[in-house]
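What follows is a short report on a single structure.
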Number of protein chains: 2
Amino acid sequence: MDKGKLFQQFVRFTTSVHQVTNDMTKEIKIENITTVQYKILEFITVSQPVTLSEISECLHLSLPNSSRELKKLIQSQLCEKIIDPNDRRKFDIRLTEKGTALMNEVFQQLELKFQERINHLTESELEEMEEAIQILQTKFLDR
Amino acid sequence: MDKGKLFQQFVRFTTSVHQVTNDMTKEIKIENITTVQYKILEFITVSQPVTLSEISECLHLSLPNSSRELKKLIQSQLCEKIIDPNDRRKFDIRLTEKGTALMNEVFQQLELKFQERINHLTESELEEMEEAIQILQTKFLDR
DNA sequence: CTCATTTGTTATCATTTGATAACTAAATAT
DNA sequence: ATATTTAGTTATCAAATGATAACAAATGAG
């Protein structure tokens, strides 16, 4: 296998993924939420409960800046802290009901766009696609 | 096929792709180049020659802002305008030699990280992976 | 018990990015 | 030939993001 060629394909592939997800999320505008705040919300949604350090590390934000942005999200009542009884410096962060409702809406919109994008595919193509995602997830992404 | 489930997998998948590429590009710091400017460079690298409007559209930047950032890249002599003789309002943008050299370095670093990430895979797993990328590219991404 | 480390906070400042208005020059349409 | 549209520029302002210093409180190690 020509690993150089595979790398080329990988670059093209990741570029495409970024482009497509960019296009899909582009129009989703939530009032009083900035891009970084949305990324934080998305991260919490997918990974909750999370700590502030995890947000900081995974999103490549400094702890002070993460703290600042989280504060705004908490003020908007989209998420909340749940103090860890075992280590009171730490706390888990979760979406509130309001935050959950918001993210459900967002994901519903995204799902619509996703469905549009796949609705020309046959049943067997969908299965191929699922398998392809599975392979990349296990062989390459989850490490 | 449960399309809702496929969507869930898709979300997880795109999140992972973002995370991995984020981690791979994280340490790549080029002097006097901001994040947006790097994205522009990357876009030019992959798609050159491009017009300013294409940069603007694909990267979701306004034309004035694209113009401003491109100007800085040109001042740094990383790319150059080539005026279209057929329509002198337009111009193609290409990397200069300096820009090409820089991006070659960057991509070489990226390729190293990529190789690290795949070097535990067997030959047949690599082929599976290539095939998976191919499927997603043709069935879902290229539209 | 004391000191170092971990986890997060607050404040502040610089830089980057986004948005918009007013503009030019070339091309196209009527 | 004039008007309109297209492609890009310049200037300016506001907002978001990044970086850093100084801090506090809880935990852990010796």
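Chain A is the first sequence line, chain B the second, and so forth, proteins listed ahead of strands; every chain is numbered from 1.
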Could you give the CD-to-P distance, from B/Q75 to D/dT9, as a whole number of Å? 12 Å
Can you give one letter per nucleotide of nucleotides 12-20 of chain C, 5' to 3': B if a protein heavy atom sits under 4.0 Å from the base, S if only from the sugar-phosphate, - if neither? B---SBBBB
Hey, are the side chains of A/I118 and B/F7 touching, using non-hydrogen atoms and a 4.5 Å cut-off? no
Rounded to whole Å, please give me the gap between CG in A/L59 and P in D/dA16. 17 Å
Taking NZ from A/K39 and C1' from D/dG18, how many angstroms apart are they, rounded to a whole number? 13 Å
In whole Å, I'd like the distance from the CG atom of B/L70 to the P atom of D/dT9. 7 Å
Scan B/I135, B/L136, B/V17 and name whichever one has a side chain to side chain contact (heavy atoms under 4.5 Å, CB included) with A/L136. B/L136
Parallel, tilted or perpendicular: rings of B/F140 and B/F10 (30°, 60°): perpendicular
Could you tell me whether the phosphate oxygens of C/dT7, OP1 or OP2, come under 4.0 Å of any side-chain nitrogen or oxygen in A/K81? no
Which part of the nucleic acid does B/L52 contact within heavy-atom distance under 4.0 Å: base, sugar-phosphate only, or nothing? sugar-phosphate
Could you walk me through whether B/F107 and B/F114 pass the ring-ring contact (aromatic ring centres under 6.0 Å, His included) check? CA-CA 10 Å; B/F107 274 76; B/F114 177 74; over 10 Å; no
Between C1' of D/dG8 and CD1 of B/I83, the distance in whole Å: 11 Å
Drop me the distance from B/E57's CD to B/T51's OG1, to the nearest 0.5 angstrom. 9.0 Å
Closest non-hydrogen atom pair, B/L61 against B/S56: O-OG, 2.5 Å
Distance, rounded to the nearest Å, where A/I40 contributes CD1 and D/dT17 contributes C1': 11 Å
Would a single hydrophobic cluster contain both B/I28 and A/V11, if residues Ile, Leu, Val, Met, Phe, Trp and Tyr are joined by side-chain heavy-atom contacts under 4.5 Å? yes
Donor-acceptor pair, distance only, cut-off 3.5 Å: does the side chain of B/R94 make one with the backbone of B/Q48? no
Using heavy atoms and a sub-4.0 Å distance, could you list which residues of residues 86-96 of chain A are near DNA chain C? By number, please. A/R89, A/K90, A/F91
Round to the nearest Å and state the distance from A/I30 atom CD1 to D/dA16 atom C1'. 16 Å
Identify whether the distance between the nearest side-chain nitrogen and carboxylate oxygen of B/E69 and B/K72 falls below 4.0 Å. yes
